[in-house]
Amino acid sequence: MYVPVTRRSPGATAGSDNPHMDASENLRLSCLDATERLVDALSERGFEALAQVRGTTWRGIVHIAGSDAQTVVDVQIQGDHPYAPPRVTPLPRAAAETWLGASAPEYYEPSNSWHRERGGWLCLFEQEDHTRLPWADPNALLDQVQAWLAQDCAGWPDDLPALDLERYLESTGEVVLYSDIHKVAGCVVKLRGRSQGPWTVDRPAKVPRGRRGKKALWARGVVLVLDLGELTHPIRDWTSLLDAAGDLSAPLLREVACGVRELALIYNRGDAAGVLAVRLAPSGSGWTILAHRASSIDDEALTTRSHPQRAVLAQRRVTIVGVGAVGSVLSDLLHRSGIGELHLIDPDTVLPGNVVRHLVGKEHVGKTKVDAVKAALQDARPWAATSVTTETAWVSSLGQACELLATSDLVVDASADSTASPMIAAAARAGAGRALGIAVLADGYAIRVDHWPEPPTGALLPPLLPPANPGSYETGCSSPVSTTPPAAVWEAAALGARHAIDALLGDNHSAGEERIIRAGDGAS
């Protein structure tokens with residue numbers, strides 16, 4: 001029988017002067033309270049504490065809704081419950097009947113499906129949802145176990161094609177890259193770059209030959225690529241791998257006997273395709289399978305995360321005037337988003353102090369800012385289709401401003417220059433094209449984006465700024481050194497990138513946006 005433990009309320013601590021001890025005690029009490037609520041619920045549903053691990057693992061019967069079937073499960077309560085979810089593991093029929101002390105003709109033994117973790121317990125909740133702890137409600141947890149069993153019994157009719165086969169195997173911690181891997185299916189292929197970090201699946205390897213031309217053992221650094229087609233179960237061990245290979249198990253065994261220890265397994269789940277890269281490690285009379293992290297470097301895989309409308313953005317040309325702190329980060333965000341052409345304009349040079357807030361690092365000190373930013377973008381994403389051009393100049397005439405607007409889908413002014421900015425705005429208002437002005441105001445007090453020409457509703461109101469503080473000067477600067485925090489620069493660039501992309505897609509007809517991001521001097 002479960003005996004409740006007497007406890008203080010979470011708000012009552014031992015009166016310690018050590019805040020850390022008080023916090024630890026409060027957390028301990030909250031965990032104890034949640035654990036006892038779960039234990040109460042399990043007891044009410046007929047679960048029993050296992051004698052050998054009393055208080056942490058409870059065993060009981062779960063009835064499957066809509067049928068006479070039932071399953072015996074163990075509920076292991078973790079020490080940090082509810083912050084760590086309980087582990088619910090179903091028993092095989094034989095173990096369940098031993099515990100029940102009788103045969104169970106209506107017993108349902110769950111499949112070893114995609115929805116069971118490597119340790120055998122049920123995958124009940126999305127681990128990516130960090131906003132709540134659904135298993136903290138005991139009834140919600142037990143209802144979810146019932147729902148899981150019902151879905152498993154029905155064969156998971158609405159299953160999503162998650163491509164995460166490596167989660168069912170112990171990891172090597174290594175990464176394998178591949179591109180257009182279907183072309184080498186059925187081949188033993190070289191692995192390039194083994195000593196530099198991630199490996200890359202390369203071209204077919206030459207078959208090794210020994211005396212009299214007989215095939216010799218494969219050297220290290222090769223991988224056998226097999227297309228397993230549609231998988232119905234995850235690969236958890238050598239036996240399930242051979243079962244998944246089917247007719248391909250014969251060539252698999254043959255190449256393993258010849259020394260292959262790395263496999264790249266192409267598979268399908270519904271309409272989705274994936275690759276599982278594994279290593280075979282000797283284990284008694286068989287093999288232990290360890291999983292690498294496999295990742296595609298095909299163009300589609302490298303651009304999928306850029307933007308939902310990346311195909312439209314790939315047809316757009318953006319000119320950025322001023323690639324200082326804000327302009328350089330803005331360039332990076334637009335480059336990541338898949339803009340087709342970026343034209344960078346700035347006459348300035350990278351100095352040591354710039355790298356605190358600038359996109360580029362100390363290796364670019366002494367280069368022009370436009371060339372440094374171009375190099376940084378291309379080094380970060382060499383596969384990107386974005387064309388980056390540069391101009392070491394400045395906008396010093398209305399004719400030049402009109403020319404930039406006429407040859408661009410959008411001009412973004414991040415210069416904060418008293419000459420360039422008004423010229424670009426005037427040219428846009430005169431009908432030469434569309435432009436945005438992006439600025440950090442008053443050393444990080446506010447950030448602002450202006451659209452030019454303004455919509456019929458009018459322009460943004462002029463900013464209301466706190467009094468300026470006198471700044472310090474350094475050699476080579478004609479104005480005080482800005483004390484704008486780096487975070488304000490990134491926030492301004494992100495705001496500008498969102499407005500720029502919306503304007504390019506025709507989704508933004510506002511006058512712009514202004515945000516106050518810190519209190520002014522003297523504010524409470």
Side-chain angles (χ1 to χ4, degrees), residues 114 126-130 158-168 171 173-185 189 192-193 197-202 223 225 227-231 234 264-278 291-318 329-342 359 373-374 376-388 409-410 490 493-508:
W114 308 103
E126 286 289 342
Q127 297 294 317
E128 287 75 17
D129 184 359
H130 302 294
D158 301 319
D159 212 6
L160 297 175
L163 303 175
D164 54 355
L165 259 64
E166 63 269 10
R167 68 180 290 184
Y168 304 100
S171 174
E174 299 173 25
V175 175
V176 174
L177 308 177
Y178 62 89
S179 175
D180 204 8
I181 196 170
H182 287 85
K183 287 186 175 180
V184 291
V189 178
R192 177 166 43 87
W199 305 356
T200 303
V201 176
D202 202 7
V223 57
V225 181
D227 190 344
L228 303 183
E230 185 77 21
L231 289 186
L265 307 171
I266 307 168
Y267 65 94
N268 295 90
R269 288 194 65 193
D271 295 332
V275 172
L276 173 66
V278 301
H292 304 305
R293 188 70 182 270
S295 184
S296 172
I297 51 175
D298 289 333
D299 290 344
E300 180 66 20
L302 295 174
T303 58
T304 296
R305 295 173 175 84
S306 58
H307 194 277
Q309 299 188 57
R310 56 190 178 277
V312 177
L313 295 177
Q315 307 302 315
R316 301 291 185 260
R317 174 182 168 89
V318 176
V329 178
L330 173 69
S331 301
D332 183 60
L333 291 173
L334 294 181
H335 191 264
R336 292 173 186 269
S337 300
I339 298 298
E341 295 183 55
L342 280 177
L359 175 71
V373 171
K374 178 179 179 178
L377 298 180
Q378 293 178 337
D379 287 346
R381 288 168 293 280
W383 63 82
T386 301
S387 170
V388 183
D409 293 292
L410 183 70
W490 255 255
L495 182 68
R498 176 168 59 81
H499 277 264
I501 290 171
D502 286 349
L504 291 168
L505 296 174
D507 296 334
N508 194 317

Leu504 side chain near Val318 side chain, heavy-atom distance below 4.5 Å: yes

By salt bridge (Lys or Arg N to Asp or Glu O under 4.0 Å) - contacts of Asp299 (at least two apart): none

Pair Ile297, Thr200 - check side-chain contact (heavy atoms from CB on, under 4.5 Å), show working. CA-CA 9 Å; Ile297 51 175; Thr200 303; 4.3 Å; yes

Any non-hydrogen side-chain atom of Ile501 less than 4.5 Å from a side-chain atom of Leu334? yes

Provide the closest heavy-atom pair for Leu342 versus Ser331 in the form atom of the first, atom of the second, distance. CD1-O, 3.7 Å

Please round to the nearest 0.5 Å and tell me the distance separating atom CG of Asp298 and atom CH2 of Trp383. 12.5 Å

Please report the shortest heavy-atom distance between Thr386 and Ile339, naming the atom on each side. OG1-O, 2.6 Å

Minimum heavy-atom distance Trp199-Gly193, with the two atoms named: CD1-O, 4.0 Å

Main-chain N/O of Gly270 paired to Glu230 side chain as donor or acceptor, under 3.5 Å: yes

Residue set satisfying salt bridge (Lys or Arg N to Asp or Glu O under 4.0 Å) with Glu300, at least two apart, ordered chain then number -> Arg310

With sequence neighbours left out, what residues match Trp114 under side chain to side chain contact (heavy atoms under 4.5 Å, CB included)? Asp159, Leu165, Tyr168, Leu231, Pro234, Arg269

Considering only heavy atoms from C-beta outward, does the side chain of Val225 approach that of Val275 to under 4.5 Å? no

Got a second to check how far Gln309's CD is from Ser337's OG, nearest 0.5 Å? 12.0 Å

Checking Leu505 against His307 for the side-chain contact (heavy atoms from CB on, under 4.5 Å) test, could you report, in this order, the C-alpha distance in whole Å, the side-chain angles of both residues, the deciding distance, and whether it holds? CA-CA 11 Å; Leu505 296 174; His307 194 277; 3.7 Å; yes

Minimum side-chain heavy-atom gap Arg316-Leu410 below 4.5 Å: no

Working to the nearest 0.5 angstrom, can you tell me the gap between Ser179 OG and Asp202 CG? 10.5 Å

For the residue pair Ile266 and Ala185, what are the closest heavy atoms and their distance? CD1-CB, 4.2 Å

Closest approach of Ser296 to Leu302 (non-hydrogen atoms, all atoms of both residues): O-CD2, 4.3 Å

Contacts of Arg317 meeting salt bridge (Lys or Arg N to Asp or Glu O under 4.0 Å) (sequence neighbours excluded), chain-then-number -> Glu341

Taking all atoms of both residues into account, what is the closest heavy-atom pair of Ala497 and Leu330, and its distance? N-CD1, 3.5 Å

State, yes or no, whether a side-chain contact exists between Val176 and Val223 at a heavy-atom distance under 4.5 Å. no

Measuring from Leu163:CG to Tyr267:OH, what's the distance to the nearest 0.5 Å? 4.5 Å

With sequence neighbours excluded, residues passing side-chain hydrogen bond (donor to acceptor under 3.5 Å, both in side chains) with Arg381: Asp332, His335

Excluding sequence neighbours, so at least two apart, what forms salt bridge (Lys or Arg N to Asp or Glu O under 4.0 Å) with Arg293? Glu166

